[in-house]
Amino acid sequence: MVLGIDVGSRTTKVVLWDGKSILGFRIEPTGANMKEKASRMIEAILKDCGLGSGKVDKMVATGYGRQQVDAAKKVSEISCQAKAIHFLFPKVRTVIDIGGQDSKVILLGPEGKVLDFIMNDKCAAGTGRFLEMMAGVLEIALEDYGALFNLATEEVSLSSTCAVFAESELISLMAGGKRRESLARAVCFSVAERTVSLIERVGGQPPFVFTGGVAKNRGVLQALEKKLKTSLLVPPYPQITAALGACLLG
């Protein structure tokens with residue numbers, strides 16, 4: 001029995017693995033106390049699966065807050081993502097991972113080894129936080145991006161590469177009479193353009209897989225597929241791949 005814990009900036013994910021399959025997983029907001037959140041989630045998932053703490057052979061932690069998980073081996077998120085994606089999609093060569101506070105592109109070799117990677121963790125633009133900020137301006141829910149993307153009839157673009165300036169630009173476009181669906185589509189393409197820039201810099205090649213919480217955003221997914229001119233693979237639960245990789249490394 002192995003527990004994989006991914007303590008992210010926005011959400012914490014816990015996966016329980018029995019050596020063959022996932023027995024259970026939990027996803028919850030991280031909150032202010034990472035140590036307490038991880039501890040409570042570990043207890044909860046063991047209870048969900050009818051197990052006690054003594055039944056776990058190993059714990060592996062990854063993510064921003066991995067140092068806060070006591071008694072767990074600490075592994076980088078890059079290594080965990082590579083392990084999980086190669087397990088799920090052996091032919092994939094490029095992992096696109098967009099989370100709440102950062103985005104990264106990982107280049108994999110035929111055996112799943114990390115050949116190279118690039119990360120954007122210095123600016124909110126191109127991350128889940130950017131989508132949240134823009135959704136606040138547009139007064140929409142995050143899940144509305146996909147539907148609005150498909151309703152857009154006008155090409156609108158955001159030229160600002162800074163999240164703060166992009167917010168001001170979006171407000172100006174709204175004041176100029178641009179429709180909400182066109183602006184939502186522009187936000188999705190802004191994230192996609194930032195991501196494609198990372199892919200080009202690291203030399204990413206298809207097949208591509210899209211992971212992280214933003215992979216659930218249908219608007220960003222469609223924008224990326226249009227920019228890359230190919231379809232993207234998305235795991236059934238794209239938020240838990242790093243935690244799954246932690247289990248597999250364990």
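Quick note: numbers below take in every heavy atom, side chains included, and nothing from hydrogens, waters or symmetry partners.
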Distance-only, no hydrogens or angles: does the [X] side chain make a donor-acceptor pair with backbone N or O of [Y] under 3.5 Å?
X	Y	answer
Glu225	Leu232	yes
Asn217	Val214	no
Lys74	Ala72	yes
Asn150	Gly146	yes
Ser197	Glu193	no

Report the C-alpha distance between Arg179 and Glu154 in whole Å, list the side-chain angles of each, state the deciding distance to 0.1 Å, and finish with yes or no for salt bridge (charged side-chain N to carboxylate O under 4.0 Å, His left out). CA-CA 8 Å; Arg179 295 181 64 85; Glu154 182 183 7; over 6 Å; no

If you round to the nearest 0.5 Å, how far is [atom2] of [Y] from [atom1] of [X]?
X	Y	atom1	atom2	value
Asp97	Phe210	CG	CZ	8.5 Å
Met134	Tyr145	CE	OH	7.0 Å
Ser157	Arg185	OG	CZ	10.5 Å
Ile140	Glu181	CD1	CD	10.5 Å
Phe25	Gln239	CZ	CD	9.0 Å
Leu173	Arg180	CG	CZ	14.5 Å

Going through the distances and angles, do Ser231 and Phe208 end up as a side-chain contact (heavy atoms from CB on, under 4.5 Å)? CA-CA 8 Å; Ser231 60; Phe208 298 99; over 6 Å; no

Take Ile5 and Val15, measure what side-chain contact (heavy atoms from CB on, under 4.5 Å) needs, and give me the verdict at the end. CA-CA 7 Å; Ile5 307 104; Val15 172; over 6 Å; no

Is it the case that Thr11 and Lys13 place a side-chain donor and acceptor less than 3.5 Å from each other?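 Yes - a donor-acceptor pair under 3.5 Å links their side chains.
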
Are side-chain N/O atoms of Thr62 and Asp6 paired as donor and acceptor at under 3.5 Å?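 No, Asp6 and Thr62 have no side-chain donor paired with an acceptor closer than 3.5 Å.
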
Hey, does [Y] have a side-chain heavy atom less than 4.5 Å from the side chain of [X]?
X	Y	result
Val7	Val69	yes
Val220	Leu131	yes
Leu16	Leu51	yes
Val60	Lys58	yes
Arg194	Asn120	yes
Met119	Ile78	yes
Thr94	Val209	no
Val95	Lys104	no

Verify salt bridge (charged side-chain N to carboxylate O under 4.0 Å, His left out) between Glu132 and Arg129, making sure each step is shown before the conclusion. CA-CA 5 Å; Glu132 288 178 351; Arg129 180 60 184 142; 3.2 Å; yes

Would one find more than 12 heavy atoms of other residues, nucleotides or ligands at under 6.0 Å from atom [atom1] of [X]?
X	atom1	value
Tyr237	OH	no
Arg10	CZ	yes
Lys47	NZ	no

Please report the closest heavy-atom contact between [X] and [Y], naming both atoms and the distance.
X	Y	answer
Gly109	Arg93	O-NH1, 3.7 Å
Gln101	Ser9	CG-OG, 2.6 Å
Ala82	Val114	CB-CG2, 3.5 Å

Let's go through Glu28 and Thr12 carefully: what are the C-alpha distance in whole Å and the side-chain angles of both, what is the deciding distance for side-chain contact (heavy atoms from CB on, under 4.5 Å) to 0.1 Å, and is it a yes or a no? CA-CA 5 Å; Glu28 296 181 15; Thr12 294; 5.7 Å; no

Consider only side-chain heavy atoms of I, L, V, M, F, W and Y, link residues closer than 4.5 Å, and tell whether [X] and [Y] are in one cluster.
X	Y	result
Leu183	Ile171	yes
Ile199	Phe189	no
Met133	Phe149	no
Leu107	Leu224	no
Met59	Leu249	no

Report the C-alpha distance between Leu198 and Ser103 in whole Å, list the side-chain angles of each, state the deciding distance to 0.1 Å, and finish with yes or no for side-chain contact (heavy atoms from CB on, under 4.5 Å). CA-CA 9 Å; Leu198 294 178; Ser103 57; 3.7 Å; yes

